[in-house]
Amino acid sequence: MYLKFPAVQDDAVDKVSIKIYADLDDFEGGDIEAVVDGMDSGVTSGTYVVGRTSSDDAEVTVVDTETIGQNNNEVCGVIRITESSLNSLGDDETIELKLPKDFEWGSGMDNSKIELFGGFEGKTATITKKDGRDLTIELTGLGTSRTERGIVEITPVVDVDKDADYGEVEISVEGDDFDQVDVVVAEYADWDVTLEVIDDVPTVIAGHNEEELATFVIDENMAESLIDGRTIDLELPEGVKIHSIDIDKKDGNADLTGGRDSDDYNEASWTVNNDGKNATEWEITLEVSIAADFTGDIVAEISGSAGAEGELVLGKAVAPVTVEAEAVDTTLGTQTQELGDIVITEVEDEAIFDGKNIIVELPDGVEWDGTPDVEVIEGNLELDDNDIDTDDEILIIPVDSQSSKPSAIKISDIKVTIDRTVPYGPIKAKVKGEAFAENYDEDAEEDSENFDETKVAEVVVANLVTPVENKEGGFAEFTIGSPVYLADGSYKVADAAPYVKEGRTYVPIRYLANALGAEVDYANKVVTLTKGDTTVELTIGSNQLVVNGQVSTMDIAPEINNGRTMLPARFVAEAFGAKVGFVPAEKKVVISME
């Protein structure tokens with residue numbers, strides 16, 4: 001429809017009333033809009049709603065849904081019934097509501113739970129029937145010449161049977177002048193508490209203070225899910241200290257009182273003050289201090305008597321640096337042995353603190369032979385080159401200025417001395433020092449705010465091997481209870497571990513023969529070992545030892561243990577002329593050929 005009006009003169013009236021009549025036979029319903037184009041008349045242009053129609057005479061909606069539990073007189077979300085257009089409902093209107101199975105109208109459902117607004121204000125609403133699942137409301141004296149649309153708001157109050165299914169609670173609503181509409185007014189849920197992380201889990205740096213963890217939620221599914229007067233307890237792993245706690249209540253009426261435990265740095269506890277009126281939700285964020293040697297997931301264990309239980313990963317701690325080394329083979333009792341380069345790399349800028357020392361510590365018995373070359377090969381970390389020094393097993397690297405770019409330190413031209421007390425196998429260097437621990441205090445006590453200094457990384461810098469590599473048998477070590485043994489200058493793994501019985505050490509036949517460089521044959525419970533012109537025979541269960549036909553008596557006998565033939569190490573080794581020793585402190589049997 002298009003209407004055109006003549007322009008209004010300046011001295012004309014300020015307002016013009018326009019009444020529009022429209023044929024709505026083919027209109028599908030909704031807002032009727034008039035578009036005004038003022039052209040050059042001074043009239044404000046715009047789009048205006050001048051009417052509203054509906055395919056039905058009322059619109060049924062829910063203002064808000066509620067979460068309810070298994071109680072009587074649970075209050076649900078408000079049902080709003082609005083006239084689709086002026087006077088679309090008659091002078092009298094009957095509204096019928098029906099609850100789903102296992103729900104009934106509660107005793108608290110009375111006329112006070114019905115409110116009339118707009119064109120219905122001041123009119124009468126009466127519950128005329130309340131029978132189990134069925135409810136009838138009569139609206140009377142509404143009139144048929146209202147100047148604004150009428151609104152009815154109904155607050156359902158229901159009883160919940162123990163057999164009701166959890167989930168949406170849907171009520172059917174029907175009137176004289178509008179068809180049945182099904183609306184969801186509530187969510188029926190069990191008493192429960194949701195624990196959930198709502199942020200991305202951050203990566204945090206070991207040795208640093210005030211690292212912020214992911215925010216997590218404690219959320220009651222319904223009011224009183226958390227028991228009034230009881231506690232919610234939180235515990236972080238050892239090595240993660242709670243620095244501060246921020247609690248933001250997002251919804252509800254309950255409160256938490258308490259906080260960080262004064263005695264246990266990694267624990268917090270709150271008492272729940274719950275008035276039972278509304279379900280409550282809190283968002284909680286922790287700032288923590290992390291020990292220099294703590295790496296891995298930071299898991300919060302939540303427990304207590306209030307009803308909240310679970311585990312949440314709030315962060316992942318990584319070491320402030322990574323360490324790489326070129327491991328080389330070394331030997332006992334040799335001075336000025338050269339090692340490969342060691343590279344220490346920051347995981348991010350400012351991971352290493354200034355004004356403090358980086359320490360590279362070798363194991364006991366391994367000493368720095370002179371001061372190696374130390375240089376920054378990446379980034380802009382600055383070292384105090386003049387004070388780099390060694391002290392027996394310790395290399396000291398002072399840090400002069402923190403980096404603004406991730407940096408790498410290279411230690412090269414390394415020379416060490418290894419004494420004869422060092423066990424064979426890998427030699428590891430520890431990377432440690434105050435430069436990696438913002439929270440380090442040399443005077444820290446057990447309950448202090450600070451952590452003790454600890455290593456942040458460990459790396460293999462050398463492998464100590466025996467200089468004897470005689471394929472015919474030279475030097476071997478067996479450790480009681482361990483399948484790992486040393487032979488031919490390298491570590492190997494057996495399929496059975498040595499053990500002690502009646503004061504004698506038993507070793508698996510095949511691995512003892514290999515260590516001695518002997519051939520082995522086994523038949524009819526007779527073990528025959530041959531090396532050069534020496535032949536040794538033993539019989540399972542017999543204490544006779546036959547060496548080149550000469551019989552002698554042992555104080556024990558070979559045996560089968562868990563399917564493996566085990567021989568007495570000393571008698572067999574000495575039969576081939578080897579020397580046998582035992583190191584009690586390390587539980588090691590040492591076999592050396594002359």
Show me the side-chain donor-acceptor pairs of residues 544-560 shorter than 3.5 Å, one per line, residues at least two apart or across chains.
unit_1: N548; atom_1: OD1; unit_2: T535; atom_2: N; d: 2.8
unit_1: S552; atom_1: OG; unit_2: L545; atom_2: O; d: 3.4
unit_1: D555; atom_1: OD1; unit_2: R504; atom_2: NE; d: 3.3
unit_1: D555; atom_1: OD2; unit_2: R504; atom_2: NE; d: 3.3
unit_1: D555; atom_1: OD2; unit_2: R504; atom_2: NH2; d: 2.8
unit_1: E559; atom_1: OE1; unit_2: K501; atom_2: NZ; d: 2.8
unit_1: E559; atom_1: OE2; unit_2: Y499; atom_2: OH; d: 2.5

Pairwise salt bridge (charged side-chain N to carboxylate O under 4.0 Å, His left out) hits with a residue in residues 505-515, at least two apart: D495-R510
Given 3.5 Å as the limit, does a donor-acceptor pair link the side chain of T280 with the main chain of A254, or not? yes
Side chain to side chain contact (heavy atoms under 4.5 Å, CB included) partner of I394, the single match among D392, I396, T390: I396
For L234 and I242, run side chain to side chain contact (heavy atoms under 4.5 Å, CB included): C-alpha distance rounded to whole Å, both residues' side-chain angles, the deciding distance at 0.1 Å, then the answer. CA-CA 10 Å; L234 178 145; I242 298 173; 4.0 Å; yes
Okay, side chain of E458, backbone of K428: is any donor-acceptor separation there less than 3.5 Å? no
Can you pull the side-chain hydrogen bond (donor to acceptor under 3.5 Å, both in side chains) pairs that have at least one residue in residues 366-380, sequence neighbours excluded? T336-D369, N380-S404
Any donor-acceptor N/O pair, D261 side chain to D264 backbone, under 3.5 Å: yes
Minimum side-chain heavy-atom gap I397-L395 below 4.5 Å: yes
Does any non-hydrogen side-chain atom of L195 lie less than 4.5 Å from one of V217? no
Is the F353-F436 ring centre distance short of 6.0 angstrom? no
Does the distance from a Lys or Arg side-chain N to an Asp or Glu carboxylate O, for D248 and K250, drop under 4.0 Å? yes
Charged N to carboxylate O below 4.0 Å: is that the case for K588 and E477? yes
Option from V272, N274, T194 for which side chain to side chain contact (heavy atoms under 4.5 Å, CB included) with E220 holds: N274
Are the charged groups of D413 and K415 less than 4.0 angstrom apart, N to O? yes
